[in-house]
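Quick notes on the structure that follows.
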Amino acid sequence: MKLEELPLLDIFNSLRSRHGLPLGVEEYLVVVRSLEAGFGISNKQELEQLCCMLWAKSEEDNRLIRRLFREMWWPKSEREDKSTKPNTYNSPIDEQSLLDEQSSDLETPGITPEPVQAVQAVRSSHKSRETKRPRYMLLTEYFPVTKRQMKQCWRYLRRPVRQGVATELDIEATVAKIGREGILLQAVMMPPRTNRTDLVLLIDQEGSMVPFHDLSRQLVETAERGGRLRTSNVFYFHDYPDEYLYRHPAMLDAKAVSEVLEEIGERAAVLIISDAGAARGNFDQERVDNTKAWIEQLQQSVRYYAWLNPMPSECWRQTTAGEIARFVPMFEMSPQGMNAAISVLRGRYIVVKELDESLCF
């Protein structure tokens, strides 16, 4: 199957790149598999409803998908007819009229409507799958952790505290008050829970981390926009923090490490993102010593810290990363590794089996 024949690719890319919907490869493949199984191929309305059910997460997303179908797929004449006809999505559908509509679409001379082309492309690919070599395409979401998974992980980083105006009903206190007074005169209210977690991201830049810059940017973006944290601060360094941390990824706006540690507070959660030398497969004893000295300084200021390594754990052996992992709770950048790092930042006890022995954090 050629790239231009991939079903629904134009609408899918528009939803992701232009409108920012959190869709990945898995969501696209679900629709393709549904088409292969025979769903959504009876007519154009059914195909549109299939995409809305599998891709829309809100009523706004649902309206956006239907609008893109009208703008990008429906022929101009049909768009004019649809704008004058009442909405029939929730009304009973006559099977014979659908069959007549589908057959008329297939028999129309000239260019075939694109929804039919998409279905035909899926069917032809399904029939010739065993005889043709598979083709692959690289999407921007091809990361070990997707945006959606990142947002889900950040939401587990919570330290809820009740504060503010009392707006929630305290059921236990209200029941106890009724038992004492024998009548309900006024309910007992309590403040809502709010997340009091302060997150500090320390990101290694340049050098061997250049291939992972996009991944680091997604971590920052999802933490700031979807993490539901009280505060999130981002600082950058190269290899290891020496005297300064930088607020800008181009190593600008320097701030002393000691000053940063004084400001973030003891209960802040510090997450370090670095390959720790594993990307190049080298061992640098100087980097190990300097990193250890910096971690000891960090331990004096904060209680919760963890390390995310974008390189797989099997690549840490015989490298600087393998040595650093012996005194820092280090996890590979994967959904399981990120969940484990979040657990450490919440103060949970994690047993990590990496390298040649068990490391307990």
Side-chain angles (χ1 to χ4, degrees), residues 9 12-30 55 57-58 61 136-158 195 197-239 245-253 268-276 278-279 305-313 315 321 329-346:
L9 185 61
F12 180 78
N13 286 335
S14 178
L15 290 171
R16 293 178 64 254
S17 59
R18 292 180 55 191
H19 301 282
L21 265 66
L23 300 175
V25 179
E26 295 179 0
E27 286 78 9
Y28 178 75
L29 292 179
V30 168
W55 288 346
K57 302 299 184 295
S58 63
D61 295 348
Y136 305 95
M137 63 177 177
L138 182 63
L139 300 178
T140 55
E141 193 64 21
Y142 188 77
F143 286 128
V145 186
T146 64
K147 280 187 176 181
R148 175 173 294 182
Q149 291 169 336
M150 290 179 186
K151 291 179 180 179
Q152 292 173 346
C153 290
W154 290 132
R155 289 171 186 174
Y156 283 107
L157 184 57
R158 298 181 57 81
N195 191 6
T197 301
D198 297 325
L199 175 67
V200 179
L201 292 173
L202 303 180
I203 302 176
D204 191 0
Q205 283 288 107
E206 302 179 355
S208 59
M209 283 294 293
V210 170
F212 309 110
H213 282 179
D214 285 340
L215 183 60
S216 300
R217 279 193 289 268
Q218 283 200 8
L219 279 172
V220 174
E221 178 184 343
T222 54
E224 292 178 342
R225 297 184 180 181
R228 300 178 183 176
L229 306 166
R230 186 177 73 162
T231 62
S232 58
N233 293 292
V234 185
F235 296 94
Y236 299 89
F237 64 92
H238 178 56
D239 286 349
L245 291 167
Y246 303 87
R247 291 190 176 275
H248 195 276
M251 301 302 176
L252 302 175
D253 193 5
V270 178
L271 184 61
I272 307 161
I273 295 94
S274 173
D275 70 308
Y305 62 94
W307 192 304
L308 275 181
N309 195 321
M311 293 296 295
S313 56
C315 298
M330 184 181 293
F331 308 92
E332 65 178 23
M333 187 78 72
S334 65
Q336 297 78 12
M338 191 168 179
N339 280 326
I342 295 298
S343 296
V344 171
L345 296 181
R346 295 177 62 191

Worksheet item: About how many Å separate CG of Leu201 and CD1 of Ile272, when rounded to the nearest 0.5 Å?
Response: 10.5 Å
Worksheet item: Got Glu206 and Tyr236 here, is their nearest side-chain heavy-atom distance under 4.5 Å?
Response: no
Fill in: Where Trp154 and Ala223 come nearest, the two heavy atoms and their spacing
NE1-N, 3.4 Å
Item to complete: Would you mind telling me which of Leu215, Val220, Val234, Leu219 makes a side-chain contact (heavy atoms from CB on, under 4.5 Å) with Ile273?
Response: Leu219
Fill in: Atom of Leu271, atom of Trp307 and distance for their closest heavy-atom approach
CD1-N, 4.3 Å
Item to complete: Please identify each residue that fulfils side chain to side chain contact (heavy atoms under 4.5 Å, CB included) with Asp239, with sequence neighbours left out.
Response: Asp204, Arg287
Fill in: Non-neighbouring partners of Arg247 that pass salt bridge (Lys or Arg N to Asp or Glu O under 4.0 Å), sequence neighbours left out
none
Discussion item. My understanding is that only residues two or more places apart in sequence, or in another chain, count here; which of them pass side chain to side chain donor-acceptor pair (under 3.5 Å) with Ser334?
Written reply: none
Item to complete: Name all residues meeting the salt bridge (Lys or Arg N to Asp or Glu O under 4.0 Å) criterion together with Glu221; count only those two or more places apart in sequence or in a different chain, and write none if there are none.
Response: Lys147, Arg225
Worksheet item: Going from CG on Leu245 to CD1 on Ile203, what distance comes out if it is rounded to the nearest 0.5 angstrom?
Response: 11.5 Å
Fill in: Asn233: partners by side chain to side chain donor-acceptor pair (under 3.5 Å), with sequence neighbours left out
none
Worksheet item: How many angstroms lie between atom CD1 of Ile342 and atom CG of Leu199, to the nearest 0.5 angstrom?
Response: 7.5 Å
Worksheet item: What residues form a side chain to side chain contact (heavy atoms under 4.5 Å, CB included) with Ser17, not counting sequence neighbours?
Response: none
Practice prompt. Check whether any side-chain heavy atom of Cys315 lies under 4.5 Å from a side-chain heavy atom of Glu332, and answer yes or no.
Written response: no
Discussion item. If the condition is side chain to side chain contact (heavy atoms under 4.5 Å, CB included), which residues does His248 pass it with, not counting sequence neighbours?
Written reply: Ala250, Leu252
Worksheet item: Could you give the distance from CG (Leu345) to OH (Tyr156), rounded to the nearest 0.5 Å?
Response: 15.5 Å
Discussion item. If the condition is side chain to side chain donor-acceptor pair (under 3.5 Å), which residues does Arg346 pass it with, not counting sequence neighbours?
Written reply: none
Practice prompt. For the pair Gln149 and Met338, evaluate side chain to side chain contact (heavy atoms under 4.5 Å, CB included) and give the outcome as yes or no after the intermediate values.
Written response: CA-CA 9 Å; Gln149 291 169 336; Met338 191 168 179; over 6 Å; no
Practice prompt. To the nearest 0.5 Å, tell me how far Ser274 OG sits from Gln205 CD.
Written response: 10.5 Å
Worksheet entry | Under the salt bridge (Lys or Arg N to Asp or Glu O under 4.0 Å) test, residues paired with Asp253 that sit two or more places apart | none
Worksheet, complete the sentence: Residue set satisfying side chain to side chain donor-acceptor pair (under 3.5 Å) with Tyr305, at least two apart, ordered chain then number -> Gln299
Worksheet item: Do you know the tightest heavy-atom contact between Pro211 and Ser208?
Response: CD-O, 3.3 Å
Item to complete: To the nearest 0.5 angstrom, please state how far the OH atom of Tyr246 sits from the CG atom of Leu202.
Response: 13.5 Å
Worksheet entry | Partners meeting side chain to side chain contact (heavy atoms under 4.5 Å, CB included) with Glu27 (sequence neighbours left out) | Leu23, Trp55, Arg148
